[in-house]
Amino acid sequence: MKSKENDERVARMRHSTSHIMAEAVQCLFPEAKFGIGPMIEKGFYYDFDLPRALAPDDLPAIENRMREIIHQDVPFVTERIAKEKARKLFAAQPYKLELIDEISDSTATIYRQGSFTDLCRGPHLASTGEVKAFKLTHVAGAYWRGDEKRPMLQRIYGVAFAGQKELDDYLSLQAEAAKRDHRKLGKELGLFSIHEEIGPGLVCWHPKGALIRQIIEDFWRAEHRKRGYDIVYTPHIAKIDLWKTSGHLEFYRDYLFPPMEIEGQQYMLKPMNCLAHILIYKSQLRSYRNLPLRYAELGTVYRYERTGVLYGLARVRGFTQDDAHIFCRPDQVEEEVTEVLNLAQFMMSSFGFGEYELLLSTRPEKYAGTVSMWEEATGALKHVLEKLDSHYEVDPGEGVFYGPKIDIKLKDAVGHVWQGPTIQVDFNLPQRFDVCYIGEDGLEHNVVMIHRTVLGSMERFLACLVEHYGGAFPVWLSPVQATIVPIADRHVGYAHEIESVFRNDGIRVRVDDRSERMNLKIREAELEKVPYMLVVGDKEMASSSVSLRLRSGENLGSESVPQVKSRIMAAIEAKS
RNA sequence: GCCAGCGUAGCUCAGGGGUAGAGCAACGGUUUCGUAAACCGUCGGUCGUCGGUUCGAAUCCGACCGCUGGCUCCA
């Protein structure tokens, strides 16, 4: 209860801090026009229409003015006034006038502190002096009311906390997150690169990144075969008519790379894999006894994303989905969805993700199929979630046009949320492509298709793994699992002997046989985040042992070669 | 796509109207070392691209390309 009160106080404080910032901006830019200034997670923002662009250097000046206002400890005063009066009060503020027009009540609330008055529902602190710790973080452009067609305002973001300690904790968590940025670590660890010469959003996987990907893919394939999936491969381009039939050409034109012409025919790069899977399904007549059929593919797709949205590996133009399509009877949907959720949870826990959120997205405004089909499918998804006793939230109207879906959002070690597995029920494509089975009654019935991924895409999943582990991958995923460090050149022979022992058991081991000092070799292995460092010198040679150091810096001392080997093998087996 | 900032050696970055700098890396040598950087030397850049201003542009201006932070979007 106490923490709830506290949360409420902090929320109020964040909102009040945005008003204080607005007052400071008004002092520095008397001609400023004001948008809105709500509180957000960890802080607040305020949108302004200003005579010139803000530079990062402007923030300290605004912060200083804010501190003065806080120091003066001026009260927040609220007043309820008639809308007419409010219109006069905000006559010079076009954005505020627009907001006033939208108030359904005949009155409006205003809040005043010092020389600044804002249209605001509140609530606020009693006075500005109650703001304890804040910092302005960055400026950004933001469309008025989030609408691309309306003017772009300048938004200042800030964070605010109940005390200096909480602010410092937040800032150091941010610094930690920046260290884990997959774009930075991807370069440092030699995992991948993106080249201007190739094109934005197009990824080159370097040997180490590719190795991690192969391990993930092998694991993924084996697990899918175990669970009754058939693995398929399909072409990367297809004739344009296929996309016309599916509806993608009209619904998702903006996301398709332009067609290419071959022998007078137009071909498209595939933006998804499902159509080819449908054609495989339709290559023969299917009986109700054959269902469900589950086709899985690590399918590479290309989607044109606007340049501004590209982001490292997390948002790219060419990526490989761990895709599958389940063709089943309506009465099988529930069981299939249950199995997919089980698989997704198994995958997440195998990769070390303990925390996730489940979201059920329901029928959007624009939809295919009938309301009763939607209700049935949504009910089935809901029932599965409840049966599994899963905590989930409903995201109303956020389903795909062809059916409802369940999304799983992963939380990584620094609290970032990633789009992970997704399960989508589809009524549209089975109709458009006439995807049927022969039922017990001898008649044709449409199948239900379930589109699903359990990792998302290889690219985004690697990004997520890198940030979750800060580059220090669990042993089974580490590109190099052990580095052998000979102390002097005379130990190199022994080092290579041990190397072959480990290598025979499939351990990814490497000898650092350069004529460098041990300290340098250890430092570089640390920076590479190699889980085990095996130091060998005179003592170890004499006793057929190695000295074991972990990347945590822990020195475990001498151990026999078989001991170390079984220790590493056990860690690989445990996926730790 | 939009707003703002940025783009200098392989990497991290300094400089800023008068002709290019550091550390690390690379290369050559010396050193053979006990748990996170040995020492000496050498090489390396039409300062993102194209155009303009200027006696002179890496520096100022414009366009384009790319990156960063947001906005919008994300089947």
Side-chain angles (χ1 to χ4, degrees), chain A residues 45 47 49-50 52-58 137-157 178 181 183-184 187-188 190 194-201 243 246-248 251-256 271-274 301 303-312 314-317 321 323 361 364 368 398-403 405 407 419 422 424 426 428-429 451 453 460 485-492 514-528 533-540 547-551 553-558:
Chain A
Y45 67 77
D47 290 343
D49 194 343
L50 300 175
R52 67 166 174 86
L54 286 171
D57 308 343
D58 291 319
T137 52
H138 53 279
V139 291
Y143 299 108
W144 169 236
R145 319 225 77 183
D147 185 341
E148 269 185 283
K149 291 174 193 72
R150 311 196 69 174
M152 185 162 265
L153 308 180
Q154 299 191 63
R155 176 172 298 177
I156 304 178
Y157 284 92
D181 190 318
R183 295 165 302 181
K184 177 173 130 68
K187 189 188 276 186
E188 287 173 7
I194 295 171
H195 302 264
E196 195 173 337
E197 298 90 323
I198 294 175
W243 314 109
S246 70
H248 286 91
F251 277 100
Y252 304 116
R253 177 174 295 265
D254 293 346
Y255 293 94
L256 300 171
M272 24 84 97
N273 306 299
C274 39
V301 298
R303 298 177 186 178
Y304 169 74
E305 300 280 1
R306 303 205 277 180
T307 51
V309 309
L310 299 173
Y311 179 79
R315 190 84 181 271
V316 289
R317 285 181 173 164
Q321 293 180 301
D323 208 358
S361 300
E398 285 303 304
V400 194
F401 79 95
Y402 52 66
K405 64 172 178 173
D407 282 326
Q419 172 62 54
T422 166
Q424 304 171 347
D426 182 353
N428 177 53
L429 289 178
H451 307 243
T453 66
R460 180 175 293 179
V485 177
I487 289 177
D489 289 349
R490 65 176 178 281
H491 308 122
V492 166
R514 296 172 300 167
S515 295
E516 290 289 352
R517 293 176 71 223
M518 176 196 64
N519 287 301
L520 181 81
K521 297 178 187 179
I522 287 177
R523 175 181 156 81
E524 292 187 355
E526 285 284 353
L527 292 174
E528 240 186 282
M533 281 156 260
L534 316 181
V535 178
V536 297
D538 292 334
K539 275 191 296 188
E540 288 73 19
S547 174
L548 185 61
R549 179 193 163 106
L550 306 180
R551 62 186 159 194
E554 201 178 347
N555 186 352
L556 299 180
S558 254

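These numbers come from the heavy atoms of this one structure, side chains and all, not from hydrogens, waters or symmetry mates. All values reported here derive from a predicted model rather than from experimental measurement. Residue numbers start from 1 in every chain, and the chains themselves are labelled A, B, ... in the order their sequence lines are given, proteins ahead of strands.
- Side-chain nitrogen and oxygen atoms of R155(A) include none within less than 4.0 Å of the OP1 or OP2 phosphate oxygen of C2(B).
- Judged purely by atom type and a 3.5 angstrom limit, R155(A) has no side-chain atom pairing as donor or acceptor with the backbone of D47(A).
- Atom-to-atom, CG of D407(A) to P of C74(B) comes out at 13 Å; the value is rounded to the nearest Å.
- OP1 or OP2 of U68(B) has at least one side-chain nitrogen or oxygen of R183(A) nearer than 4.0 Å.
- Within the 4.0 Å cut-off from OP1 or OP2 of C74(B), not a single side-chain nitrogen or oxygen of R315(A) is found.
- Side-chain N/O atoms of R549(A) include one lying less than 4.0 angstrom from OP1 or OP2 on A36(B).
- Checking the phosphate oxygens (OP1, OP2) of U12(B), a side-chain nitrogen or oxygen of K187(A) falls inside 4.0 Å.
- Put simply, R490(A) has a side-chain N or O that comes within less than 4.0 Å of OP1 or OP2 on C33(B).
- Side chain of R315(A) to backbone of L310(A): no donor-acceptor contact under 3.5 angstrom is found.
- Atom CG of N519(A) is separated from atom P of A36(B) by 6 Å (rounded to the nearest Å).
- Between U32(B) and S515(A), no contact under 4.0 Å exists linking OP1 or OP2 to a side-chain N or O.
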**Request:** Taking Watson-Crick and G-U wobble pairs with both distances under 3.5 Å, convert RNA chain B into its dot-bracket string, 5' to 3', dots for unpaired and | for cross-strand pairs.
**Result:** (((((((..((((....[..)))).(((((.......))))).....(((((..]....))))))))))))....
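- Not a single ring-ring contact (aromatic ring centres under 6.0 Å, His included) links Y304(A) to another residue, sequence neighbours left out.
- Mapping Y157(A) and L256(A) onto RNA chain B via the closest heavy atom, the residue that lands nearer the 5' end is Y157(A).
- Residue Y311(A) has its side chain nearest to G69(B) when only C73(B), A75(B), G69(B) are considered.
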